[in-house]
Novice: 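Have a look at the structure that comes next, please.
Side chains included, hydrogens not; waters and symmetry mates left out as well; all remaining heavy atoms used. Sequence lines set the chain letters: A, B, ... in the order given, protein chains first and strands last, and positions in each chain run from 1.
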Amino acid sequence: MDCNRESIELMHKYLDGDLTKPEECGLRTHLETCADCQHHFHELKRTITLIKSAEHFSAPEDFTQKVMKNLPTEKKRVTYKRWFKVHPILTAAALFFILMMGGIFSSWSQDTQLVVSKQDELIIEGDTVIVPEGVTVPGDVLVKNGNLIINGTIDGNVTLVNGELIEENPLEGENLMASAGGVNGEFESVDRVFEWMWYKVKDIFKSVFSF
Amino acid sequence: MDQFIKEKIKEVKKGDQAAFGDVVSFYQSKIYQHCFRMLGNAHEAEDMAQEAFIRAYVNIHSFDDRRKFSTWLYRIATNLTIDRIRKRKPDYFLDAEIKGAEGLNMYSQLASEERLPGEEVEGLELQRYIHHEISQLPPKYRSIIMLRYLEEFSLQEISEILDIPLGTVKTRIHRGREALRKRLRHV
Ligand SMILES: [Zn+2]
């Protein structure tokens, strides 16, 4: 065996876990008889142990805060979601109260016709718009007064007005907030009743608790 | 831990910014340390590590959930540091060499003393010396040695992080090991 090339090559292959059984036998036999190679092999293994013990460094204390401060601003709908999570009872009570007041849906229900942007790839079933699997819809998609199922891909922005994004496997019943995985652009869900209620909730509580 | 990160990424994709804070906390020292070892300068390392996390956040929708998040994140960070090294003016390079004393600040905020079972390896002095010897390797060898033995990625993952063929990774790791063997043999 050529010590300067072949056997050193085998040592590196060994260190990368790439040796075949016969190669390993060959290397072992050679190491037993060649002191130079044995020394070289020992040095290589020791080098790895030494590398692993190199000094460690940790990030400055305020690192995470700094990153968070410099991120682009968060989308509004998530702030709502967090508020609801923190104040579930308050939310339920407020919604109940508002619904009791009635009249909310009267002006609301006038404009209920399904409106969809014109793309041949979109399938419409009742009030649900479907992006079929394996299909890429070019351009921005608008769905008004209807639900949307995205099985394929939308190569543009999605605007969903007064409707829900339906996932085939709903997670924790969070349909409204579900992620639009197959959307290459921005996803925006505008629910006017929702926004209006939110406004009303804040208004009522402001006047009750004056905060 | 992988599961924890997976969940967090899902939340970030839904638009929950706070979840990203947990991701940053988890990886901050790994990424900062990686940048520091690549650049050899605490200030630059912090800038690049910050930038890496911001880019990860902005591009989070292009991250494929079936893949390993750390590989993706290291790829962003490594590319940023390599770009930075390329942009360095020669005089700046010199500057960085002379200002070695500034590094002492760096050392004072030493990470948790994770001592590896390496029997002969002890003492900060030696750990620092080894760090220095690694930092003397050219970046293309240094990055691979670091990713393999300090960040514990597989050769296949390194090939993905650096976007170079597996064969090239192997050639370079061989050369890197040989170079360090010569540098560290007297230790
Ligand atoms: Zn030999």
Novice: Kindly indicate whether the side chain of A:Ile48, heavy atoms from C-beta on, has any atom under 4.5 Å from the side chain of B:Arg148.
Specialist: no

Novice: Specify which of B:Arg37, B:Glu133, B:Lys30, B:Met146 makes the most heavy-atom pairs with chain A at under 4.5 Å.
Specialist: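 It is B:Arg37.
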
Novice: Parallel, tilted or perpendicular: which one describes the rings of B:Phe53 and A:Phe63, with boundaries at 30° and 60°?
Specialist: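 Plane angle over 60°, so perpendicular.
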
Novice: Identify which part of B:Leu150 has an atom lying under 4.5 Å from any heavy atom of chain A, answering side chain, backbone, both or neither.
Specialist: side chain

Novice: Are there over 12 heavy-atom neighbours, none belonging to B:Arg175, within less than 6.0 Å of that residue's CZ?
Specialist: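 No, the 6.0 Å shell around CZ holds no more than 12 heavy atoms from other groups.
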
Novice: Is A:Lys52 close to B:Glu152 at the side-chain level, that is, under 4.5 Å between some pair of heavy atoms?
Specialist: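 Yes - at least one pair of side-chain heavy atoms lies under 4.5 Å apart.
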
Novice: B:Gly21 and A:Thr64: which non-hydrogen atoms are nearest, and at how many Å?
Specialist: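 Heavy atoms only, the tightest pair is O-CG2, 3.6 Å.
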
Novice: Between B:Gln17 and A:Pro72 (side chain of the first, backbone of the second, donor and acceptor by atom type, cut-off under 3.5 Å), is there such a pair?
Specialist: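 Yes, B:Gln17 side chain to A:Pro72 backbone: donor-acceptor pair under 3.5 Å.
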
Novice: Mark yes when over 12 heavy atoms from residues, nucleotides or ligands other than A:Tyr14 sit less than 6.0 Å from its OH; otherwise mark no.
Specialist: no

Novice: Is the CD atom of A:Gln38 crowded by more than 12 outside heavy atoms at less than 6.0 Å?
Specialist: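 Above 12, so yes.
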
Novice: What is the minimum heavy-atom distance between B:Ser29 and A:Ala59, and which atoms define it?
Specialist: OG-N, 3.1 Å

Novice: Taking atom CZ of B:Arg185 and atom NE2 of A:His39, what is their separation to the nearest 0.5 Å?
Specialist: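 Output value for this atom pair is 6.0 Å.
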
Novice: Between B:Lys182, B:Glu51, B:Lys170, who has the most heavy-atom pairs with chain A when the cutoff is under 4.5 Å?
Specialist: B:Lys170

Novice: Flag yes if more than 12 heavy atoms outside A:Asp36 fall under 6.0 Å of its CG atom; otherwise flag no.
Specialist: no

Novice: What part of B:Leu184 gets closer than 4.5 Å to chain A, counting heavy atoms only: side chain, backbone, both or neither?
Specialist: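 B:Leu184 touches chain A through backbone and side-chain heavy atoms alike.
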
Novice: Is chain A contacted by the side chain of B:Val58, its backbone, both, or neither, given a heavy-atom distance below 4.5 Å?
Specialist: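 Contact with chain A involves the side chain of B:Val58 alone.
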
Novice: For A:Glu133, look at atom CD and say whether over 12 heavy atoms of other residues, nucleotides or ligands are found less than 6.0 Å away.
Specialist: no

Novice: Say you draw a straight line from CG of B:Leu155 to CG of A:Asp16; how long is it, rounded to the nearest 0.5 Å?
Specialist: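 CG of A:Asp16 is found 5.0 Å from CG of B:Leu155.
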
Novice: Hey, does A:Glu9 have a side-chain heavy atom less than 4.5 Å from the side chain of B:His174?
Specialist: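 Heavy-atom side-chain distance check passes, below 4.5 Å.
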
Novice: Which answer fits B:Ile134, side chain, backbone, both or neither, if we ask what part of it has an atom under 4.5 Å from a heavy atom of chain A?
Specialist: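 Interface part for B:Ile134: side chain.
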
Novice: CG of A:Leu71 to CD1 of B:Ile54: how many Å apart, nearest 0.5 Å?
Specialist: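 The CD1 atom of B:Ile54 is 6.0 Å from CG of A:Leu71, to the nearest 0.5 Å.
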
Novice: Does the side chain of A:Thr47 come within less than 4.5 Å of B:Arg177's, by heavy atoms?
Specialist: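 No. Closest side-chain heavy atoms not under 4.5 Å.
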
Novice: Count the heavy atoms belonging to other residues, nucleotides or ligands that lie under 6.0 Å from CG of B:Asp83, then report whether that count exceeds 12.
Specialist: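 Yes, the 6.0 Å shell around CG holds more than 12 heavy atoms from other groups.
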
Novice: Is it the case that the side chain of A:Ser53 and the backbone of B:Gln127 share a donor-acceptor pair, with hydrogens and angles ignored and the cut-off at 3.5 Å?
Specialist: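 A pair under 3.5 Å: no.
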
Novice: Examine whether an atom of B:Ala45 lies under 4.5 Å from a heavy atom of chain A, and if so say whether it belongs to the side chain, the backbone or both; otherwise answer neither.
Specialist: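 Answer is neither: B:Ala45 stays 4.5 Å or more from chain A.
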
Novice: Is there side-chain contact between A:His40 and B:Glu178, with at least one heavy-atom pair below 4.5 Å?
Specialist: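 The answer is yes; the side chains approach within 4.5 Å.
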
Novice: Distance from B:His131 atom NE2 to A:Ile51 atom CD1, nearest 0.5 Å?
Specialist: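 These two atoms lie 13.5 Å from each other.
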
Novice: Report the distance from atom NE2 of A:His56 to atom CZ of B:Phe36, rounding to the nearest 0.5 Å.
Specialist: 13.0 Å

